[in-house]
Each structure stands twice: as C-alpha cells, then as structure tokens.
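These notes are about the structure you will find just below.
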Amino acid sequence: MESDIYKNAISHFVMDGEPISCEHHGCGHINHTFLVTTDTGKRYILQMLNGGVFHDPEGLMENVIAISRHIASKTDDPRGSLHLNPTVDGRLYTRDKKGNIWRLYDFVEGSICLQAPETMEDFYQSAVAFGTFQRQLADFPAETLHETIPNFHDTPDRYRKFRAALAADVCGRAKDAGPEIDFVLAREAEAGTLQRMRVSGELPTRVTHNDTKLNNVMLDEKTRRPLCVIDLDTVMPGLAAYDFGDSIRFGAATAAEDEKDLSKMEMSLEAFETFTRGFLTACPDLTDRERETLPLGAKIMTLECGVRFLTDYLEGDKYFSIHRPEHNLDRARTQFKLVEDMEKKWDDMGAVVARLSAQL
C-alpha cells in the first residue's frame, strides 16, 4: 500500500528521467521522506507532510516556497538553497486522494548530514549555517509568514498549558514530580521575558528556523562547511534568541536529552563559545540588545522544552513518543539540570557574548 502511495505521488512531478527506486531516507520523525533515483542518475527527496502536526499545509508550503526563493537570490551556489520541483500542472506540491501534501526537492549532491557533531568544528559550522540563515533573511518580511505551529515559542502560553495540566492532574502524576513542578513555578516570571521583549518591540521580530539541530544542516562532504539549512517547515516569525538558544540547548549539552544520570548533564562552556563565535561571525548585524539576550535565549528555550516535557508527562504522554513510563519526566529533569548549570555559568556566558561581540 505504501509503495502505491508514493508511486502515485511521484507521477505528479516533472523529473529528469524515469524513477527506478524509492527508499526511505533520513532519521526524521515528523514527515515521511524518501530518496528517489531515476534512470539518468538524478536523485530527489520526496516528502509527505505530516498533517497531524501541521494543520495548515498550504500556508506551510507558502512559507517554504517564499523562503527558498529568497535564499536562492542570496547565493550563487546551486546547493546553497533548497530547490522544489514542479508538478506536471506547474505547482510546487500536490495533494493525494487522502488529502496528504507531497513535495519533491532536488537531492543536495556532495553533501553529508550529521546527527551529532563529530568535532567542535562541526558545531562551529552549524552555527555559521544558522547565522547565515538569519543574515540571508534579514530583509525578508517576517510578518508575512504563516505560523505553522501557533504559539510555538510563546513561553507564557506554555506555562498556561502547564498550569492547566497540573490543576487537572488527570493521571495522578503530580505527586511524583514535586521538585520539577517547584522548579518550573520558581522561574515563571523570568520565563516570559523574551516574549514580553518581542511584543514591546525591544527585540526585532525576525525569520526563525525553530529547529536548529545539526541534522538540519547540509555540509559539503569534502570541506564540511555548510551548504544550506533544510527542514523549513517550522520557519516562522520569531526572535534570533530562539534559534540560538535551541542550538545551545541541544548542541552544548553534555548528555542525551533523556539521560537518567543527571550528573552527566552540563552545558559545555567551550561548546557555547564555539557556537556563539560562529553565529555572530555569520550574522554580525544583530542589535546590541539581541546579542545581550542570547544567553537568555539558551536558558529560556531549555526551560520551555522542559516545561513541555513535564506538561506531557502530567497529561499522560500524549505528544512526545515514550519508551518507558517516566520517559517524559526524565527528559524534563535533564532540561532543568541544564538550566541549573546555565545559571551557575551565567556570568561566564555573558562574558563570552560580550567579548565576541566586541570583536565584530
């Protein structure tokens, strides 16, 4: 059945040659992704959007098309932006009979995609990629973008949902998460700082990627320098601190997101400095206030993620996939341990940003 679905989808697109193979590709958990090869040797990435996550797929595709075209206008490298292939009727995506949306990208040849940095240089290059993404889109009208996941980084809204889950306590789990609940509530006032600064205009609204993991960067297989940023489905209006902060949350952590031994979890100050250097070098035109709030972005994005894990735990694990009963609670604990370590290193983080900013 699955074979028939993707074969029907392929038939709607203009391709160089006839498809001879179509195989599952990548490690993504949201969309269904396939690598298509034709009899001319041309390769493509075929994707079916996950309608359960993205409720406005047409708006999402409008974002992807506009962002891809804008980035393409800023680079001479054909591998420097994603390229969508048209359907036989001239569109850049198609719907199947079940309502699923499909799209076809050129495969980025001569590239590699890493699930985790193998060296500190890899992490630096991911910072260059996302900093470049910010710079290329600095003149893009962010307000024209659709919110593909509404209120995604509205931290006060995340807290509202947490408080509702805590009050309902439908699974009777609150009694097992007392320290974690106290941790969240103790930081509620600070958690809304970035959102307040965005609403007030103290921080400019920018185009943000919102999933700034290394595996969303295509690196040249020879030089290991960034070619382009992929997975544009969560591109929305936001703050530079969101993308910077989530990169630190994920890339500067010394343990896995669900590590049960919390003694292993810290924020690597070396990794923090490495990423900050790459990000600021690639995107030197951030405002002074934006640069000052980058450490706050790291802390709040990590806290927000922990709140989401804890909320899901209280609600009965409805959103995040789990592999053990307390999986989401373990995830929340690692994020809160990371926040604690950031708080211990707060002055050092600020000093790093100040020193590197002065060098621009």
Side-chain angles (χ1 to χ4, degrees), residues 26-29 111-135 152-153 194 208-220 224-232 234-235 238-259 262 264-283 286 290-291 293-306 308-309 331-346 348-350 352-353 356:
C27 301
H29 300 298
S111 67
I112 57 173
C113 181
L114 302 176
Q115 295 304 309
E118 296 173 359
T119 65
M120 200 59 72
E121 178 65 15
D122 290 336
F123 194 43
Y124 175 84
Q125 294 300 339
S126 76
V128 171
F130 289 115
T132 299
F133 182 84
Q134 281 286 322
R135 188 187 72 247
F152 188 58
H153 282 318
L194 287 177
T208 49
H209 185 277
N210 298 302
D211 191 11
T212 50
K213 298 181 179 69
L214 179 59
N215 61 6
N216 282 328
V217 175
M218 303 306 294
L219 301 173
D220 185 280
R224 292 178 83 103
R225 292 183 177 179
L227 296 171
C228 65
V229 171
I230 63 172
D231 193 1
L232 305 180
T234 55
V235 170
L239 300 176
Y242 295 167
D243 280 0
F244 177 90
D246 205 39
S247 291
I248 298 301
R249 180 193 75 81
F250 180 80
T254 58
E257 198 172 63
D258 58 356
E259 174 61 57
L262 295 181
K264 296 180 179 179
M265 177 57 87
E266 295 181 9
M267 187 208 70
S268 164
L269 197 60
E270 179 189 7
F272 178 84
E273 179 164 350
T274 296
F275 191 90
T276 303
R277 180 182 296 107
F279 191 80
L280 292 181
T281 299
C283 186
L286 298 180
E290 283 181 296
R291 287 193 290 268
T293 54
L294 292 180
L296 186 61
K299 180 177 177 180
I300 290 181
M301 289 300 95
T302 306
L303 176 62
E304 178 185 284
C305 188
R308 293 177 64 197
F309 286 140
R331 289 166 169 154
R333 286 168 173 161
T334 63
Q335 299 308 290
F336 299 154
K337 176 65 186 302
L338 195 53
V339 169
E340 280 188 323
D341 197 56
M342 290 179 186
E343 291 172 344
K344 292 176 183 176
K345 297 171 178 172
W346 195 248
D348 292 331
M349 293 168 69
V352 165
V353 173
L356 294 177

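By convention here, the first residue in the shown sequence is residue 1. Note that these values count all heavy atoms, side chains included, but never hydrogens, waters or copies made by symmetry.
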Nearest 0.5 Å, please: how far is OG1 in T302 from CZ in F336?
10.5 Å
side-chain contact (heavy atoms from CB on, under 4.5 Å) partners of R224, counting only residues at least two apart:
I112, L114, E118, D122
Begin from the C-alpha positions of F272 and K345 and carry the test side chain to side chain contact (heavy atoms under 4.5 Å, CB included) through to its verdict.
CA-CA 11 Å; F272 178 84; K345 297 171 178 172; over 6 Å; no
Enter the distance from L303:CG to R308:CZ here, rounded to the nearest 0.5 Å.
12.5 Å
Counting only N and O atoms by type, is there a donor-acceptor contact under 3.5 Å from the side chain of N210 to the main-chain atoms of T234?
yes
Close side-chain approach of K264 to T254, heavy-atom, < 4.5 Å
no
Is there a side-chain contact between F279 and I248, using heavy atoms and a 4.5 Å cut-off?
no
Looking only at heavy atoms, the pair that brings A271 and G251 closest together is CB-O, 4.4 Å
Could you check whether any side-chain N or O of R333 sits under 3.5 Å from a backbone N or O of L262, counting only pairs where one atom can act as donor and the other as acceptor?
no
Nearest heavy-atom approach of C283 to G131 is CB-O, 3.3 Å
Single hit among E340, E304, E343 for salt bridge (Lys or Arg N to Asp or Glu O under 4.0 Å) with K299
E343
Please name the pair of heavy atoms, one in F309 and one in R331, separated by the smallest distance, quoted to 0.1 Å.
CD1-CB, 3.4 Å
Which label fits Y242 and H153: parallel for a plane angle under 30°, tilted from 30 to 60°, or perpendicular past 60°?
tilted
Could you check if a side-chain atom of V353 sits within less than 4.5 angstrom of a side-chain atom of P295, using non-hydrogen atoms only?
yes
Counting the benzene-type ring for Trp, do F244 and F275 have ring centres under 6.0 Å apart?
yes
Say you draw a straight line from CD of E259 to NZ of K337; how long is it, rounded to the nearest 0.5 Å?
10.0 Å
Look at the side chain of N216 and the backbone N and O of D231, then say whether any donor-acceptor pair between them is shorter than 3.5 Å.
no
Any donor and acceptor pair, going by atom type alone, linking the side chain of H209 with main-chain N or O of I230 inside 3.5 Å?
yes
Distance col, row Y124:OH vs T119:OG1, nearest 0.5 angstrom, shows 12.5 Å
What are the two closest non-hydrogen atoms of A256 and M265, and how far apart are they?
O-CE, 3.6 Å
With side chain to side chain contact (heavy atoms under 4.5 Å, CB included) as the test, would you mind laying out the steps for L296 and W346 before giving the verdict?
CA-CA 9 Å; L296 186 61; W346 195 248; 4.3 Å; yes
If you draw a 6.0 Å radius around CD in E121, do more than 12 non-hydrogen atoms from other residues or ligands fall strictly inside?
yes
Between E266 and K344, is a salt bridge (Lys or Arg N to Asp or Glu O under 4.0 Å) present by the stated rule, with each step listed?
CA-CA 10 Å; E266 295 181 9; K344 292 176 183 176; over 6 Å; no
State the CG-CG distance between L219 and L214, to the nearest 0.5 angstrom.
6.0 Å
Q125 vs V217 side-chain heavy atoms within contact, under 4.5 Å:
no
Looking only at non-hydrogen atoms, find the nearest pair between Q115 and N215 and report the distance.
OE1-ND2, 3.1 Å
To check you understand the geometry: which heavy-atom pair defines the closest contact between F133 and T208, and what is its length?
CE2-C, 4.3 Å
What's the verdict on side chain to side chain contact (heavy atoms under 4.5 Å, CB included) for L280 and L294, showing C-alpha distance, side-chain angles and the deciding distance?
CA-CA 10 Å; L280 292 181; L294 292 180; 3.9 Å; yes
Nearest 0.5 angstrom please: R249 CZ to T212 OG1, how far?
8.5 Å
So, T281 side chain and G278 main chain: donor-acceptor pair closer than 3.5 Å or not?
no
Is it true that a side-chain atom of R135 and a backbone atom of A282 form a donor plus acceptor pair closer than 3.5 Å?
yes
